[in-house]
Asker: 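Sending over a structure as C-alpha cells; questions will come in a sec.
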Amino acid sequence: MDNCIFCKIANKTIPAKLIHEDAELMAFHDINPAAPVHLLIVPKQHIGTLAECADEHAAMLGRMLLLAPKLAQEQGCGYEAGDGTAGTGGFKTLVNTGPDGGQEVYHLHMHVIGGPRPWAGQR
Ligand code: 5GP
Ligand code: ZN
C-alpha cells in the first residue's frame with residue numbers, strides 16, 4: 001500500500017523504534033505513547049482492519065497475540081502469575097477497528113499498553 005504509514009515502517013521507508021521483527025510481524029514503540037510502555041504489533045502484510053481478517057489469517061493473529069506478553073516482559077510490564085490469586089504486573093492489549101472503534105491507522109495493529117495501571121480512571 002503506497003500511502004500506508006505502517007507499510008512504510010514495515011518496508012523501512014520511514015523509521016520507527018523497532019523492538020521486534022520476524023518474517024511475518026514487526027513491533028515498535030508508538031510515536032505518541034499513552035503509557036510508560038506503548039507498543040504496536042503489526043503484520044508486514046497490509047490488512048486494513050481486524051474485520052477484514054479471514055481464516056487464512058488465524059495463525060498470524062494468534063502469533064500477534066502470543067508476541068504481546070513476550071514483548072511486555074522484555075519492556076518491563078510483564079505479568080507474573082499468582083498462586084490462585086491475581087498475581088502482579090500486567091498490560092492491556094487492544095485492537096481498534098473502524099471509526100467507531102477509534103481506529104486511526106488503517107493497517108491492522110495491536111496496541112500493547114503497560115506500566116503502573118496507565119488506564120486508571122479511563123476505562
Ligand atoms: P489506532 O488509533 O489506529 O488504533 O492507533 C494508531 C496508533 O499509531 C496511534 O497510537 C498513533 O500514535 C500511532 N502512530 C501513528 N503514526 C505513527 C508513526 O508514524 N509511527 C509510530 N511509531 N506510531 C504511529
Ligand atoms: Zn499498510
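For reference, positions follow the sequence shown, starting with 1. Note that the structure is a prediction, hence the values are computed from the model and not measured.
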Asker: Below 3.5 Å, can you tabulate the donor-acceptor pairs from side chains in residues 61-76 to any protein atom, sequence neighbours excluded?
Answerer:
{"residue": "Arg63", "atom": "NE", "partner": "Glu24", "partner atom": "OE1", "Å": "2.6"}
{"residue": "Arg63", "atom": "NH2", "partner": "Glu24", "partner atom": "OE2", "Å": "3.1"}
{"residue": "Lys70", "atom": "NZ", "partner": "Glu74", "partner atom": "OE2", "Å": "3.3"}
{"residue": "Gln73", "atom": "NE2", "partner": "Glu80", "partner atom": "OE2", "Å": "3.4"}

Asker: Can Leu25 be reached from Leu18 by stepping across I, L, V, M, F, W or Y side chains whose heavy atoms are under 4.5 Å apart?
Answerer: no
Asker: Any link between Ile113 and Phe28 through a network of hydrophobic side chains (Ile, Leu, Val, Met, Phe, Trp, Tyr) touching at under 4.5 Å?
Answerer: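 No, because Ile113 and Phe28 fall into different hydrophobic clusters, even though each may have its own neighbours under 4.5 Å.
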Asker: Do Leu50 and Ile41 share a hydrophobic cluster (ILVMFWY, side-chain heavy atoms under 4.5 Å, transitive)?
Answerer: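 Looking at the clustering, Ile41 is in the same group as Leu50.
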Asker: Which atom pair, heavy atoms only, marks the closest approach of Pro36 to Gly115?
Answerer: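 Pro36 and Gly115 have their closest heavy atoms at CG-CA, 4.1 Å.
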Asker: Applying a strict under-4.5 Å side-chain criterion to I, L, V, M, F, W and Y, I'd like to know whether Phe91 and Ile19 cluster together.
Answerer: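 Same cluster.
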Asker: Test of understanding: with salt bridge (charged side-chain N to carboxylate O under 4.0 Å, His left out), list the residues that count as partners of Lys8, not counting sequence neighbours.
Answerer: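 In terms of salt bridge (charged side-chain N to carboxylate O under 4.0 Å, His left out), with neighbours along the sequence ignored, Lys8 is linked to no residue.
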Asker: In Å and rounded to the nearest 0.5 Å, what is the NZ to CG distance from Lys44 to Asp22?
Answerer: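 Rounded to the nearest 0.5 Å, the NZ-CG separation comes out at 6.5 Å.
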Asker: Indicate, with yes or no, if the rings of His111 and His109 have centres closer together than 6.0 Å.
Answerer: yes
Asker: Donor-acceptor pairs under 3.5 angstrom involving side-chain atoms of residues 93-101: please list them, not counting sequence neighbours.
Answerer:
none

Asker: Taking the side chain from His107 and the backbone from Pro43, do they hold a donor-acceptor pair closer than 3.5 Å?
Answerer: yes
Asker: I'd like to know if Val105 and Ile14 are part of one continuous hydrophobic network [Ile/Leu/Val/Met/Phe/Trp/Tyr, side-chain heavy atoms within less than 4.5 Å].
Answerer: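 Yes, one cluster joins them.
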Asker: For the CG atom of Leu40 and the CE atom of Met26, what is their distance to the nearest 0.5 Å?
Answerer: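 It is 11.0 Å, given to the nearest 0.5 Å.
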Asker: Could you walk me through whether Ile47 and Met60 satisfy the side chain to side chain contact (heavy atoms under 4.5 Å, CB included) test, starting with their C-alpha distance in whole Å, then the side-chain angles of each, then the deciding distance to 0.1 Å, before giving a yes or no?
Answerer: CA-CA 12 Å; Ile47 302 168; Met60 182 271 291; 3.5 Å; yes
Asker: I'd like to know if the side chain of Gln103 and the backbone of Gly48 have a donor-acceptor N/O pair within less than 3.5 Å.
Answerer: yes
Asker: Are Leu39 and His29 close enough, and set up right, to give a side chain to side chain contact (heavy atoms under 4.5 Å, CB included), and what steps lead you there?
Answerer: CA-CA 5 Å; Leu39 313 174; His29 291 276; 3.6 Å; yes
Asker: Closest approach of Gly114 and Cys77, non-hydrogen atoms and distance?
Answerer: CA-SG, 3.8 Å
Asker: As an exercise, state the distance from NE2 of His46 to SG of Cys4, rounded to the nearest 0.5 Å.
Answerer: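 It is 5.0 Å, given to the nearest 0.5 Å.
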Asker: Out of curiosity, Leu108 CG to Thr49 OG1, how far, rounded to the nearest 0.5 Å?
Answerer: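 Answer for the CG-OG1 pair, Leu108 versus Thr49, is 7.5 Å.
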